[in-house]
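Here it is, the structure, as structure tokens.
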Amino acid sequence: MRKFTAFFVLAAVVAALAAGCSSVDDKPAIRLTDNEGVVEPREVSVGYINERLDRVPAEMIPDIPGDEGKRQFMDEVIRKELLVIYGIRLGILNDDRLPGALEYFEDTKAEEMLRDELIVNPAQVTPEEVEDYYSVRDDLFQLQEISTMDEDVANDAYQRVTEGGEDFGRVATEVSTGGSAQDEGRMPVATWTDLHPLTRVAVRYLETGAITPPHKIGATWYTYKLLSRKDPPDLKPLEGSHLTGISAEARNFKRNMLEYYLFTEWDQSSNAIYSDDAIDLCGTRIDEAALAAIPQTEASSSQDNMERARIPVIPEFTDEEAEMELLAYNIFGDEKVVTLGDYAQMCGEVPGIETVKTGDRVRIESFMKRTIQRESIEAKIQEGGYRSGQEMQDYLEQRTEEFIIDITYDQQVVQKVDEPTGQEIRDYYRSNLESFIEPAGVDVQQLIVATEAQANRILQRVGSGEATFTNMVQTLSIDTWSKAKDGVIPTYRQGERRLDYLQGVAFDLEIGEIGGPVRAPGGYALVKVLAQYPERQMTFDEVAGVVKQSVVSTKREALLTALLEDARNTVTVEFIEENFQHIKDPAEVLKEKTGGETGGESVTIKMN
């Protein structure tokens, strides 16, 4: 049988011989040798095991200290390695789908690496930037706008309301094309985050009465005047999980704006110049092609609409027309020309849903803008050498391994498990009744405030009859999501992962009792139980679909286990125990993952 080199089969696993290790992470933890001699020896590194310990959820880590725990954790890694070896023996590397899959993976990874360098990494935010973002995030803005699709009209209007001193509302009524023109351009009061991102940037540091220069969003030019700006009520302290969430939000906003500015700069530097005659002819031919390809009757459903959107519209040109120059542009100094014939060819190379369906000039230019953007990205990828580096090679090796696992599992497990019969499904349900029990549940009402002391004061006021719990929620809770519902959270089940701070208090209370305070995101929570639902056995009809999938999964797992046992009988698995000292203790990792604050002492009061 033919041997396969390690280049094609190594993936997330970093292979390195112990004698040549450059670091502790490269030292082997497991070595697998194919006794049939088809696959080259494979090694799983210490670094890979430690990385998986950090990455996997807590329930996948054994609470067993020392080498025994390490061996147990590595059993799952060994299963994956055995599946790879089995797949290579089957010849999965010769699958016709692999080259296309790797091409797609390479393109995706190259773009990701470019994006990391130009956008993601520069978009990291400092604590000062997070505070600055939070200081404006929920501010209430009252704006007036002038909107028009004509740049000259927008600039003229700006001059009139600034240097000319004309009334903004009067000019808005005269020239604005937006719906707000009827009300002198006055817009509804909105929080800063409700505004378009470019509008947010324009008005972020604006003083009351000041006016922004015109800026373009899509095909429309906007000018704004700030009428008023108010701070939000009940702003949460910027700490704990709330700080984490706001930091991520600030980072995403900065990232989105960096991406917009980058692609805008590339678009402007391309200096695309269109031929009016050619683009008019292109529009005519697109309309003709769309008329012939797409049904003209009214779509019968949303699915029908989607099917029509997927129909490719490819304009046809005479030989003479095909030679006409549609546009000229440059990609970072590389001059390019697209003819009408080139445009038609592009339409045939992209998914049908991306082709232009009407001959509108704006749509044709948008299609070409996306094409120019893709070419700009590819030029930067080539410039950065992202396709040829070690990171790309390691990534493609990892994807190759995942491809082997996926195809092997599909061919040798999924396709060999028959659809279960109705009797099999019912028998499984009867034999596993304990697996289909609905946990106990409660309807609760929660109130979250910033400090534990404040929560205790509220508890005393409610307990003395001075205030009702609902009134305290409506006036004092800083959790806007639950506050909008008077703090009520219906049908909260035992064992749920969402709102996990409720698990330790909600099921120890009687109806009408209030428990807490307990530590919650952004502060401390008080919890009142409104209703209780006992644990119950779910009927077969309720869970038939789930039971069917359980039967299928059980059969698949049995078949996979037999396959892996067969593979293991022909593979020598060797633990490199001398390197176990460099592997993290699973029990310690588990402790770190599950550790954390539980809040102050919980108090319970009875509400009669």
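None of the values given here were measured: they were computed from a predicted structure.
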Taking all heavy atoms of A29 and all of I583, pick out the closest pair and write down the distance.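 In terms of heavy atoms, the two residues are closest at CB-CD1, 3.9 Å.
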Quick one: do Y86 and L90 satisfy side-chain contact (heavy atoms from CB on, under 4.5 Å)? Show the steps, please. CA-CA 6 Å; Y86 194 93; L90 293 175; 3.6 Å; yes
Salt bridge or not between R137 and E249? Use side-chain N to carboxylate O under 4.0 Å.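 Looking at R137 and E249, the cut-off is met.
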Over all heavy atoms of both residues, which pair between K357 and A290 is shortest? Give the atoms and the distance, please.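 Nearest pair, atom of K357 first, then A290: O-CB, 3.3 Å.
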4.5 Å side-chain heavy-atom contact, M74 and F580: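 Yes, at least one pair of side-chain atoms sits under 4.5 Å.
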Looking only at non-hydrogen atoms, find the nearest pair between Y386 and K380 and report the distance.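 So the minimum-distance heavy-atom pair works out to CE1-O, 3.9 Å.
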Just by modelled atom types, is the T339 backbone N or O under 3.5 Å from a matching donor or acceptor in the D342 side chain?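 Side chain of D342 to backbone of T339, a donor-acceptor pair under 3.5 Å: yes, one is there.
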I'd like to know whether CD of Q303 has more than 12 heavy-atom contacts from other residues, nucleotides or ligands below 6.0 angstrom.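 No, CD of Q303 has 12 or fewer neighbouring heavy atoms, counting only those of other groups under 6.0 Å.
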Indicate yes or no: at least one non-hydrogen side-chain atom of R79 is less than 4.5 angstrom from one of L560.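 In contact.
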State which residue, out of R363, R361, K369, fulfils the salt bridge (charged side-chain N to carboxylate O under 4.0 Å, His left out) condition with E365.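 When R363, R361, K369 are each tested with E365, the salt bridge (charged side-chain N to carboxylate O under 4.0 Å, His left out) holds only for R361.
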Is a side-chain donor or acceptor of K216 paired with a backbone partner of E151 at a separation under 3.5 angstrom?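 Checking the backbone N and O of E151 against the side chain of K216, no donor-acceptor pair under 3.5 Å is found.
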Going by distance alone, is a donor N or O of one side chain under 3.5 Å from an acceptor N or O of the other, for N35 and T572?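 Result is yes, a qualifying pair exists.
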Looking only at heavy atoms, what is the nearest atom pair of D63 and A587, with distance?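 Looking at all heavy atoms of both residues, the closest pair is OD1-CB, 4.0 Å.
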Contact list for residues 256-268, test side chain to side chain donor-acceptor pair (under 3.5 Å), sequence neighbours left out: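 The answer is R115-E259.
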Just how far is it from atom CG of D107 to atom CD of E112, taken to the nearest 0.5 Å?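 Here the interatomic distance stands at 13.0 Å.
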N305 versus A299, closest heavy-atom pair with distance: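 Reported closest heavy-atom pair: OD1-CB, 3.3 Å.
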Taking the side chain as every heavy atom from C-beta outward, state whether D132 and E129 have any atom pair closer than 4.5 Å.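 A side-chain contact is absent here, since even the closest heavy-atom pair is not under 4.5 Å.
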Is the shortest distance from a Lys or Arg side-chain nitrogen in K584 or E588 to a carboxylate oxygen in the other one below 4.0 Å?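 Answer for the salt bridge query: no.
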Any salt bridge linking K70 with D585? Criterion: basic side-chain nitrogen under 4.0 Å from a carboxylate oxygen.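 Judged by the 4.0 Å cut-off on N to carboxylate O distance, K70 and D585 do not form a salt bridge.
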Roughly how far, to the nearest 0.5 Å, is CG of L93 from CD1 of I88?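 It comes to 5.5 Å.
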Find the distance between CD1 (I92) and OG1 (T400) and round it off to the nearest 0.5 Å.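 Going from CD1 on I92 over to OG1 on T400, the span is 13.0 Å.
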With the threshold set at 4.0 Å, does a side-chain nitrogen-carboxylate oxygen contact exist between D138 and K236?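 Salt bridge absent between D138 and K236.
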Tell me if a side-chain donor or acceptor on N50 pairs with a main-chain N or O of H582 at a distance below 3.5 Å.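 Judged by distance alone, yes, a pair lies under 3.5 Å.
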Approximate separation, where rounding is to 0.5 Å, of I331 CD1 and R374 CZ: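 Going from the CD1 atom of I331 to the CZ atom of R374 covers 11.5 Å.
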Check the surroundings of atom CG in D334: do more than 12 heavy atoms from other residues, nucleotides or ligands lie under 6.0 Å from it?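 It does: D334 CG has more than 12 such atoms within range.
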Do D26 side-chain atoms and S45 backbone N/O form a donor-acceptor pair below 3.5 Å?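 Not confirmed, D26 side chain does not pair with S45 backbone.
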With rounding to the nearest 0.5 angstrom, report the CE to CG distance, M257 to L262.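 So the CE of M257 and the CG of L262 are separated by 12.5 Å.
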Report yes or no: do Q398 and E402 form a side-chain donor-acceptor pair below 3.5 Å?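 Q398 vs E402: donor-acceptor pair found between side chains.
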Do D304 and R308 make a side-chain contact, defined as non-hydrogen atoms from C-beta onward lying under 4.5 Å apart?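 Of all side-chain heavy-atom pairs linking R308 with D304, at least one is under 4.5 Å.
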Test side chain to side chain donor-acceptor pair (under 3.5 Å) on K555 and S553; report intermediate values, then the result. CA-CA 5 Å; K555 288 185 174 184; S553 298; over 6 Å; no
State the CD1-CE distance between I279 and M324, to the nearest 0.5 angstrom.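 I279 atom CD1 to M324 atom CE measures 11.0 Å (nearest 0.5 Å).
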Could you check whether any side-chain heavy atom of P28 comes within less than 4.5 Å of a side-chain heavy atom of N579, counting everything from C-beta outward?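 Of all side-chain heavy-atom pairs linking N579 with P28, at least one is under 4.5 Å.
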Please report the closest heavy-atom contact between I314 and G348, naming both atoms and the distance.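 Closest approach of I314 to G348, heavy atoms only: CD1-CA, 3.7 Å.
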Between K27 and I576, is any pair of side-chain heavy atoms under 4.5 Å apart?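 The answer is no; the side chains never approach within 4.5 Å.
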Between V573 and E81, does the side-chain contact (heavy atoms from CB on, under 4.5 Å) criterion hold? Intermediate values first, please. CA-CA 10 Å; V573 179; E81 288 295 306; over 6 Å; no
Should E419 and K548 count as an ion pair when the cut-off is N to O under 4.0 Å?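 Yes.
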Keeping the roles fixed (side chain from Q415, backbone from V413), state whether a donor-acceptor pair exists under 3.5 Å.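 Pair absent, no side-chain N/O of Q415 close to backbone of V413.
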Check the surroundings of atom CZ in F332: do more than 12 heavy atoms from other residues, nucleotides or ligands lie under 6.0 Å from it?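 Above 12, so yes.
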Heavy-atom donor-acceptor pair, R200 side chain to L195 backbone, under 3.5 Å: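 Yes, the answer is positive, given that a donor and an acceptor are paired below the 3.5 Å cut-off.
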Salt-bridge contact K109-E391 (side-chain N to carboxylate O under 4.0 Å):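 Yes, this pair counts.
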Quick one: sort the Y133 and F253 rings into parallel, tilted or perpendicular, breaks at 30° and 60°.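 Correct class here is tilted.
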Determine, stepwise, if the pair R387 / M113 fulfils side-chain contact (heavy atoms from CB on, under 4.5 Å). CA-CA 10 Å; R387 296 184 184 276; M113 294 166 69; over 6 Å; no
Can you find a heavy atom in the side chain of R285 that is under 4.5 Å from one in the side chain of E316?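 They are not in contact (no side-chain heavy atoms under 4.5 Å apart), so the answer is no.
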For H215, all residues meeting ring-ring contact (aromatic ring centres under 6.0 Å, His included), sequence neighbours excluded: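 H215 satisfies ring-ring contact (aromatic ring centres under 6.0 Å, His included) with Y224 only.
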Side-chain touch S366/V362, heavy atoms, less than 4.5 angstrom: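 A side-chain contact under 4.5 Å exists here.
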Checking Q124 side chain against V120 main chain: does a donor-acceptor pair fall under 3.5 Å?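 Yes, because the side chain of Q124 sits within donor-acceptor range (under 3.5 Å) of the backbone of V120.
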Derivation and outcome, side-chain contact (heavy atoms from CB on, under 4.5 Å), residues M368 and Y274: CA-CA 10 Å; M368 289 310 307; Y274 289 85; 3.3 Å; yes
For the pair E401 and R42, find out whether any cationic side-chain nitrogen is under 4.0 Å from an anionic carboxylate oxygen.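 Looking at R42 together with E401, the answer is yes, because their closest N to O distance falls below 4.0 Å.
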